[in-house]
Amino acid sequence: YEWNVHRKANNKEWLRYHSKDSVGFTKWCREMDMRNKMSEGVTFDVKTNALLEDVPCHTEFFKWVQWHNNAFTIEEQLSLKVLVVHQEDYSSNSGVVDNILQFLGRNQVGKVPVYGTENVIGFYSTEE
């Protein structure tokens, strides 16, 4: 998302420094973690802060986890019918598209695009 915002704004300096690959993503993560470092001392206890230090892009990871926690809370409070779809299901030919269409009460129109089988997470991270 962030990369596309800067591309649309024609921010060439930012785009040059933040290439659209794992190197650029890692640079952006470090910037985000440093930018949010001051507020984390207020948000988390000392032990949590120490644990987060070893998590790359931990501020974005925390937001991602909180989004999902809030979604499940709302689902429970409002007794909503939901369908949970895991990314890895798209590449396993497990009928995920049929399940989504059935959940939405829709019929398939046209050909289903092929979802890449590459490890998307691996693009943004390394084993270390």
Side-chain angles (χ1 to χ4, degrees):
Y1 170 79
E2 185 90 12
W3 197 88
N4 286 328
V5 168
H6 287 279
R7 181 182 55 80
K8 288 177 184 175
N10 201 26
N11 187 343
K12 292 178 183 177
E13 183 178 336
W14 192 94
L15 294 171
R16 227 182 340 269
Y17 185 74
H18 302 88
S19 50
K20 196 171 186 178
D21 56 17
S22 60
V23 173
F25 181 72
T26 300
K27 288 177 183 178
W28 178 78
C29 281
R30 284 188 194 128
E31 289 174 10
M32 298 310 310
D33 289 343
M34 290 306 294
R35 184 183 304 166
N36 294 311
K37 195 169 190 73
M38 296 301 289
S39 64
E40 288 170 1
V42 176
T43 308
F44 304 116
D45 58 37
V46 174
K47 183 179 178 182
T48 303
N49 279 330
L51 291 170
L52 287 174
E53 283 295 320
D54 295 329
V55 177
C57 221
H58 60 267
T59 54
E60 293 303 307
F61 180 71
F62 179 77
K63 285 193 255 183
W64 182 81
V65 170
Q66 283 299 98
W67 187 94
H68 285 83
N69 288 343
N70 290 336
F72 287 123
T73 298
I74 290 170
E75 169 208 352
E76 186 178 305
Q77 289 176 350
L78 299 179
S79 300
L80 297 174
K81 184 178 175 187
V82 299
L83 175 67
V84 176
V85 179
H86 299 277
Q87 179 178 339
E88 59 270 17
D89 293 342
Y90 281 101
S91 60
S92 68
N93 200 14
S94 65
V96 70
V97 173
D98 292 335
N99 290 341
I100 293 171
L101 290 171
Q102 182 179 2
F103 178 78
L104 296 173
R106 300 286 186 225
N107 295 319
Q108 182 174 332
V109 177
K111 187 177 177 183
V112 176
V114 176
Y115 186 78
T117 58
E118 69 279 354
N119 180 352
V120 175
I121 302 300
F123 174 81
Y124 295 109
S125 63
T126 63
E127 286 296 321
E128 60 180 70

**Request:** Tell me yes or no: between the side chains of Glu31 and His18, is some donor less than 3.5 Å from an acceptor?
**Result:** yes
**CD on Glu2 to CZ on Phe25, rounded to 0.5 Å** = 11.0 Å
**Message:** Please evaluate residues Arg7 and Asn4 with respect to the criterion side chain to side chain contact (heavy atoms under 4.5 Å, CB included), reporting the C-alpha separation (whole Å), side-chain torsions for both, the decisive distance (0.1 Å), and the verdict.
**Reply:** CA-CA 5 Å; Arg7 181 182 55 80; Asn4 286 328; 3.5 Å; yes
**Request:** Drop me the distance from Cys29's SG to Met34's CE, to the nearest 0.5 angstrom.
**Result:** 13.5 Å
**Message:** With a 4.5 Å cut-off on side-chain heavy atoms, are Trp14 and Val5 touching?
**Reply:** no
**Residues Phe62, His58; criterion side chain to side chain contact (heavy atoms under 4.5 Å, CB included); working and verdict** = CA-CA 6 Å; Phe62 179 77; His58 60 267; over 6 Å; no
**Asked** Linking I/L/V/M/F/W/Y whenever any side-chain heavy atoms sit under 4.5 Å apart, do Tyr17 and Val23 land together?
**Response** no
**Message:** If you count every heavy atom of other residues, nucleotides or ligands that lies below 6.0 Å from Glu76 atom CD, does the total exceed 12?
**Reply:** no
**Message:** Can you confirm whether more than 12 heavy atoms, excluding those of Phe61, are under 6.0 Å from its CZ atom?
**Reply:** no
**Asked** With a 4.0 Å cut-off, would you call Lys63 and Glu60 a salt bridge?
**Response** yes
**Asked** Under 6.0 Å from the CD atom of Gln108, do we count more than 12 heavy atoms belonging to anything else shown?
**Response** yes
**Request:** State yes or no: do Val96 and Leu83 share one hydrophobic cluster built from I, L, V, M, F, W and Y residues joined by side-chain heavy-atom distances below 4.5 Å, directly or via other members?
**Result:** yes
**Asked** Do the side chain of Gln77 and the main chain of Ser79 share a donor and acceptor less than 3.5 angstrom apart?
**Response** no
**Message:** Parallel, tilted or perpendicular: which one describes the rings of Trp64 and His68, with boundaries at 30° and 60°?
**Reply:** tilted
**Request:** Treat each ILVMFWY residue as a node, draw an edge where side-chain heavy atoms are under 4.5 Å apart, and state whether Leu104 and Val85 are in one component.
**Result:** yes
**Complete:** Correct closest heavy-atom pair for Trp28 and Cys57 would be CZ3-SG, 3.8 Å
**Prompt:** Is there a path of hydrophobic side-chain contacts, each under 4.5 Å between heavy atoms of I, L, V, M, F, W or Y residues, that connects Val82 with Phe72?
**Reply:** no
